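Predicted, not measured: the structure shown is a model, and the values here were computed from it. Indexing begins at 1, ligand by ligand and atom by atom, following the structure's order.
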Amino acid sequence: MLDLKFIREHADTVKHAVQVKGVRLDIDELLRLDRELVELKQRAEATQAERNANAKLVPKAAPEARPALIQRGKDLAEELRALEPALRAHEDNLKQLLLRVPNIPHPSVPVGRDDSENVELRREGTPPAFAFTPLDHVALLEQQGWSDPERVARVSGSRSYLLKGEAVMLEMAVLTFALDFLAGRGFTPLSTTALARPEAFVGSGHFPGGEDQVYKIEGDELMLAGTAEVPVNSLYAGEQLAAEALPMTYAAISAAFRSEAGSAGRDVRGLIRVHEFRKVEQYVLCRADEAEGLRWFQTLLGNAEVLLQALELPYRVVQNCTGDMGAGKVLMYDIETWVPSEGLYRETHSCSYLGDWQARRTGLRYRDEHGKLLYAHTLNNTGIAAPRILVPLLENHQQPDGTIRVPEALRPYLGGKAVLGRAV
Ligand SMILES: Nc1ncnc2c1ncn2[C@@H]1O[C@H](COS(=O)(=O)NC(=O)[C@@H](N)CO)[C@@H](O)[C@H]1O
């Protein structure tokens, strides 16, 4: 959400953001509603003032003049009551429109319609050249007996998954490694529920607009979040923090649930796109200072890169264009990790800086050193999301005999093993 004062004073900037982000929203209609609401409020205040002034006249008036004054007071009270519904309706409509106003993209963001216009910034690591025909992750899992897609599909439908044996240990190892690594960098570990009230999805910006991506629970207002960003972003909703409480940095592990509505036909096999997964989420609350926010952006991005380098996985960093960054972002980079069986880099991380757009939605403020109340700035990035990360992990580290080489950094989490699986 943006400050209404900012929208009034920079309507063209906001309209440009609406246009380049492909948001369907009429800023002129929003500003008309705003003006009408201001007028209604002024009329209500004037009527209230007249009513107060009138009420003061009654005790001082001559007895014969009182009935008219008392009637005037009743008429004014009626006028005020009549204004209520219009005031309420205008406030609700304006609030709904304000929730759809996109954030202003950073000047460095390329204008584009969709992910095909994201810009590759750099590549790290070299995709492996196999001296044998590499298998994809589905085949690697199957030949080691580490999966059972048919049976789990019978029980849990499509986009489900089940891991067995050492693949489970690998999934746990990579998640624990990410938590350890981030805790070592001062991020407070959190283990959090994916259940959250609708307000939390509004706070993060997933609502309005992303309702079809979220699993709801029959007869319960709680919903299942697709990322720990949703509950963590609302932990301090409505609070006023002291400046010294910032920055807050979290590494939040949680289950994540996604309906993947609209993804029909995409990544239907294997572990890339499933309905429930686990993620270690990096989340930062910092002061309302763009330079500091951009520094944290680089820190969150760097953390993910160091994790991928420790996993010895080739990857590239892309900058999301305006059409692929979502309404709330100021700046967004994806990290895409090499998947040999596809001969492509696939998204494994998504790093975002949102300025005060989320904090305005959750009402999260802090008192700066001058005592001024400001909305905090928020950022998030994936630390590790499993099982998706197992796809590049298994495929890039497969050996000719079908076993999987364990990157050095993970060995302490796997009882020191350097290899997983048995030669086939
Ligand atoms: N359906 C899914 N199945 C498996 N992994 C997924 C799925 N959806 C997303 N992920 C993983 O979760 C990561 C983050 O998802 S995201 O929507 O891009 N971004 C977020 O959720 C942010 N909160 C940063 O983590 C993705 O990069 C991907 O690695």
Side-chain angles (χ1 to χ4, degrees), residues 115 118 137 156-161 163 171 174-175 178-179 182 187 190 192 194 196 200-201 203-206 209-210 212-215 224-234 250-285 296-297 300-301 303-305 307-308 311 313 315-318 320 324-329 331-339 344-354 357-358 378-393:
D115 60 354
N118 291 348
H137 75 283
S156 305
S158 63
R159 298 194 187 286
S160 58
Y161 79 99
L163 295 176
E171 184 183 41
V174 75
L175 288 166
L179 269 175
L182 292 169
F187 282 63
L190 296 179
T192 175
F201 293 84
S204 61
H206 288 82
D212 67 343
Q213 297 300 315
V214 172
Y215 282 123
L224 289 165
T227 171
E229 175 196 350
V230 170
V232 174
N233 182 60
S234 279
Y250 294 116
I253 186 164
S254 80
F257 298 86
R258 300 193 184 196
S259 73
E260 288 296 339
S263 303
R266 288 174 59 202
D267 308 312
V268 291
R269 284 174 77 242
L271 304 178
I272 284 270
R273 194 178 297 275
V274 291
H275 284 315
E276 178 190 357
F277 58 101
R278 263 151 288 281
K279 176 160 56 57
V280 173
E281 176 79 354
Q282 300 181 74
Y283 181 86
V284 171
L285 264 174
W296 277 112
F297 183 85
L300 296 185
L301 183 73
N303 288 343
E305 290 194 61
L307 278 166
L308 285 171
L311 297 174
L313 293 174
Y315 64 86
R316 69 175 187 163
V317 179
V318 300
N320 295 65
D324 185 48
M325 71 191 304
K329 320 302 177 62
L331 188 63
M332 182 176 178
Y333 290 6
D334 281 350
I335 301 180
E336 301 177 350
T337 305
W338 180 251
V339 176
L344 291 173
Y345 289 93
R346 294 301 306 271
E347 184 207 313
T348 52
H349 295 73
S350 189
C351 187
S352 298
Y353 171 45
L354 299 102
W357 193 83
Q358 286 181 321
T378 62
L379 301 102
N380 65 76
N381 186 16
T382 316
I384 283 289
R388 183 176 289 193
I389 197 64
L390 297 187
V391 174
L393 253 180

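Using a 4.0 Å heavy-atom criterion, the residues that approach ligand 1 are T227, E229, R258, E260, I272, R273, V274, F277, K279, E281, E347, T348, H349, S350, N380, N381, T382, A385, R388.
Taking every heavy atom of both residues into account, Q358 and L354 meet most closely at OE1-CD1, 3.6 Å.
A salt bridge (charged side-chain N to carboxylate O under 4.0 Å, His left out) check over residues 267-277, counting only residues at least two apart or in different chains, returns the pairs D136-R269, E260-R273, D267-R273, D267-R346, E276-R278.
Of the possible polar contacts, none joining the T348 side chain to the I389 backbone as a donor-acceptor pair under 3.5 Å is found. Looking at N381, its side chain does come within 3.5 Å of a backbone N or O of L300 through a donor-acceptor pair.
Using a 3.5 Å distance cut-off with no hydrogens or angles, the side chains of N233 and S204 do not pair a donor with an acceptor.
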- prompt: Going through the distances and angles, do Y161 and E171 end up as a side-chain hydrogen bond (donor to acceptor under 3.5 Å, both in side chains)?
  reply: CA-CA 12 Å; Y161 79 99; E171 184 183 41; 2.8 Å; yes

